[in-house]
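All of these numbers come straight from a predicted model, not from anything done at the bench.
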Number of protein chains: 2
Amino acid sequence: MSATRSRPPTITDIARQAGVSTATVSYVLNDTPGTRIPEATRRRVTEAADDLGYVPHASARSLRTGRSDLVVYAMPAVTLGPFAARFLAGLADELQDRGFTLVLHGDSASRGVRAARRWARLRPAAVIAEGHRLTDAARDLMRRSGTVLVALGGAPEAGLPTLVLDHRGMGEAAGRHLAGRGCRDVAAVIPAEPVLRDMGEARAVGVEEGLRGAVEGDAGGGQSRDGESADGDAIAMRRTPMEETPEDAGRVVREWIRDGLPDGVFGYNDEHAGLLLSALIDAGVEVPGRVRLVGADDLPLCGMLRPRLTSVGLRAEYAPAEAAERLLSLITGEEGADRPLRLWTPELRVRASS
Amino acid sequence: MSATRSRPPTITDIARQAGVSTATVSYVLNDTPGTRIPEATRRRVTEAADDLGYVPHASARSLRTGRSDLVVYAMPAVTLGPFAARFLAGLADELQDRGFTLVLHGDSASRGVRAARRWARLRPAAVIAEGHRLTDAARDLMRRSGTVLVALGGAPEAGLPTLVLDHRGMGEAAGRHLAGRGCRDVAAVIPAEPVLRDMGEARAVGVEEGLRGAVEGDAGGGQSRDGESADGDAIAMRRTPMEETPEDAGRVVREWIRDGLPDGVFGYNDEHAGLLLSALIDAGVEVPGRVRLVGADDLPLCGMLRPRLTSVGLRAEYAPAEAAERLLSLITGEEGADRPLRLWTPELRVRASS
DNA sequence: TTGTATGCGTTATCAG
DNA sequence: CTGATAACGCATACAA
């Protein structure tokens with residue numbers, strides 16, 4: 001190793017040491033197609049690079065090429081749950097393998113051009129952001145800087161490839177299940193936290209459709225609780241707002257008891273459902289005897305609770321690799337931008353609570 | 001808004017449109033100290049910039065200044081848990097507020113110079129990485145490129161500011177608690193997964209010290225179970241490897257029953273502890289009557305289990321802001337690199353399981 | 001107060 | 001096949 005330098009070595013330093021020009025160095029180091037460099041020269045260059053401890057300067061490269069290898073993930077305002085965390089970690093890994101670097105952009109409050117300007121400074125190869133933050137002006141801005149835009153949301157965004165988290169489908173699976181078990185009076189919990197409301201509503205709508213679909217598909221012949229027959233009437237569903245705290249779960253259960261207990265509950269996610277389960281048990285309500293309960297996300301937590309929690313999850317194991325692959329084909333322009341990217345398919349895991 | 005251009009506008013475009021030089025544009029846009037630009041000129045420039053939809057080019061700037069506004073977080077190989085996820089999301093936000101951008105670097109397998117070269121390409125302002133990945137050569141490389149290095153680990157890394165996650169301290173709090181409740185035969189669970197082993201061992205060592213410390217501090221007078229007196233002997237502690245699956249939790253419990261049940265268990269974290277609790281209940285073992293159980297991380301899950309799970313957590317609420325602040329003072333050179341950054345203090349939350 | 005000129009590290013376009 | 005050399009967009013020392 002040569003003497004410690006005050007500044008990192010550049011290809012100019014390598015060129016000098018190897019006795020060639022900077023162009024040759026660039027060719028060798030990048031394996032530039034359409035150039036045939038003799039093995040001898042090639043070795044001299046790589047050895048000089050190793051010797052000097054050369055590290056390419058990403059900014060210089062992207063200034064020249066006009067594009068960086070950065071992929072911006074604009075973090076949603078939602079608290080990063082276990083599901084999203086796993087996806088993100090996986091995505092970072094997969095992108096790295098493909099020569100890209102994931103950037104976590106944190107100003108979840110801003111949207112539109114204001115947000116887009118922040119992203120555009122990096123001249124990233126792609127930006128992944130919630131659909132509702134991508135106003136027309138924002139899309140224009142990103143398009144002008146040549147950045148691939150990917151929307152994030154519960155449903156495909158018109159004109160953009162979308163990472164679809166199928167909230168409606170999750171609710172539907174849960175609703176169908178509850179109806180199939182004979183539930184006639186279902187409560188869908190919706191988080192009180194504003195940033196989660198939309199997701200909660202999407203899941204609730206799904207539950208409604210699942211309930212209706214199950215009744216229609218049944219044609220009056222499904223199994224039912226207490227010997228009542230499913231008569232084809234639409235099943236009642238109420239929406240119940242709830243904060244993610246033990247205290248509020250207690251309040252919800254007390255009000256249910258006062259106003260009439262539902263016979264089926266969709267808990268929005270496993271944490272809400274777990275808190276409800278806790279409160280129901282404390283109140284002496286039998287689960288699933290009196291109230292059937294279904295959560296969502298299928299966290300490990302479900303297997304630890306007593307009774308175990310039935311949950312509808314989205315299998316995230318392979319999602320990051322798929323997402324990275326699709327992102328790349330979008331970046332390299334091999335693929336149109338229209339097709340939505342439905343990464344996850346809802347999958348019900350039935351356990352003891354329902 | 002002017003016509004759509006094929007390439008994003010530059011300060012040269014602004015200068016032309018405003019009828020000034022690029023230097024003036026730069027002065028105005030950056031509020032460069034030591035320059036007095038009349039309000040009239042200033043307005044012409046900002047208006048032109050707005051009109052053209054100007055977005056500064058981060059790479060060009062960092063090439064010129066030699067420094068980028070990127071902070072690299074080299075992701076540990078460990079699965080991103082809820083705790084780390086919250087910290088990361090918070091850090092991204094805080095850094096953004098201060099003009100920096102968080103980069104999630106995903107090649108958790110590589111270390112040493114190999115990893116350092118990947119980081120160095122971005123010429124980041126700072127790199128946060130696990131201490132064991134920072135070999136001397138790697139540190140040298142980063143230092144030469146003028147990057148602030150911050151270690152991540154269970155204990156302060158010599159010569160580097162360290163984000164300390166006090167695993168030993170967590171174990172100690174748990175051990176002290178168990179000893180105080182009269183436990184004499186404690187099992188510390190250590191995750192079987194290789195990347196978690198070190199953390200598990202650190203927490204186990206802490207448990208050992210906690211047990212010993214409690215006995216010594218007690219001087220034979222502490223409360224104890226079944227009327228036995230704490231006689232000052234060191235309390236026995238065994239290490240129990242376990243995978244994070246219901247099946248393996250079952251195996252562990254069966255072996256405990258066969259070889260003699262411990263009277264106290266530290267479950268490594270809440271998920272391991274929850275699985276163990278589940279298995280213990282299934283096996284008909286009374287908790288905490290026969291076995292006292294303590295988890296770690298203090299997840300919401302703890303309040304949902306029955307019995308509720310005692311847990312030792314690290315309060316992470318304010319950590320991101322503190323970390324960002326310290327990082328900044330390190331970057332700007334206002335502060336020496338020696339002082340460790342102990343962000344989290346272990347804190348026991350006693351619930352019904354122990 | 002403002003303009004001119006230069007260089008940051010790379011890649012790409014040309015000649016040779 | 002390889003070597004000069006001109007951009008890329010920006011910041012700044014220096015000149016006017």
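The distance between atom CZ of B:R121 and atom P of C:dG9, rounded to the nearest whole Å, is 16 Å. One interatomic measurement links the two molecules: CZ of B:R67 to P of D:dT12, which rounds to 14 Å at whole-angstrom precision. The distance from atom CG of A:L63 to atom P of C:dG7 is 16 Å, rounded to the nearest whole Å. Rounded to an integer number of Å, the gap from B:R16 CZ to C:dG3 P is 14 Å. In this entry the distance linking CG of B:L52 with C1' of D:dG9 reads 15 Å, nearest Å. Atom P of nucleotide C:dT10 and atom CG of A:L29 are separated by 9 Å, given to the nearest angstrom. Following rounding to the nearest Å, A:D69 (CG) and C:dT10 (P) show an atom-to-atom distance of 14 Å. The interatomic distance linking B:D13 (CG) with D:dC10 (P) rounds to 9 Å, in whole Å.
A sub-4.0 Å separation between OP1 or OP2 of D:dC10 and a side-chain N or O of B:R61 is absent. In this model, the phosphate group of D:dT2 is not approached by any side-chain N or O of A:R36 to a distance below 4.0 Å at OP1 or OP2.
Of the candidates C:dT11, D:dA11, D:dT2, the closest approach to any side-chain atom of B:N30 belongs to D:dA11. Nearest to the side-chain atoms of B:T65 among the listed nucleotides C:dT10, D:dT2, D:dA11 stands D:dA11. You'll find that the side chain of B:P38 is closest to C:dT1, out of D:dC1, C:dT1, D:dC10.
Along DNA chain C, the nucleotide nearest B:A60 and the nucleotide nearest B:V20 are compared for position; the residue whose nucleotide lies closer to the 5' end is B:V20.
Screening A:I14, A:T12, A:D13 for a side-chain contact (heavy atoms from CB on, under 4.5 Å) with A:T22, the sole residue that qualifies is A:T12.
Taking 3.5 Å as the limit, the base of D:dA7 and the side chain of A:R64 contain a donor-acceptor pair of atoms between them.
Side chains of A:H105 and A:M75 form no contact here, defined as non-hydrogen atoms less than 4.5 Å apart. Between A:P156 and A:V164 the shortest side-chain heavy-atom distance falls below 4.5 Å. Under the 4.5 Å side-chain criterion, counting only non-hydrogen atoms from C-beta, A:V103 is not in contact with B:L102.
A salt bridge does not link B:E39 to B:R44: none of the charged side-chain nitrogens sits closer than 4.0 Å to a carboxylate oxygen. With respect to the salt-bridge test (charged N to carboxylate O, under 4.0 angstrom), the residues A:R98 and A:E94 qualify. Using a 4.0 Å cut-off between a side-chain N of Lys or Arg and a carboxylate O of Asp or Glu, A:R121 and B:D69 do not qualify as a salt bridge.
For residues 21-28 of chain A, proximity to DNA chain C is found at A:A23, A:S26, A:Y27, defined as any non-hydrogen atom under 4.0 angstrom from a strand atom.
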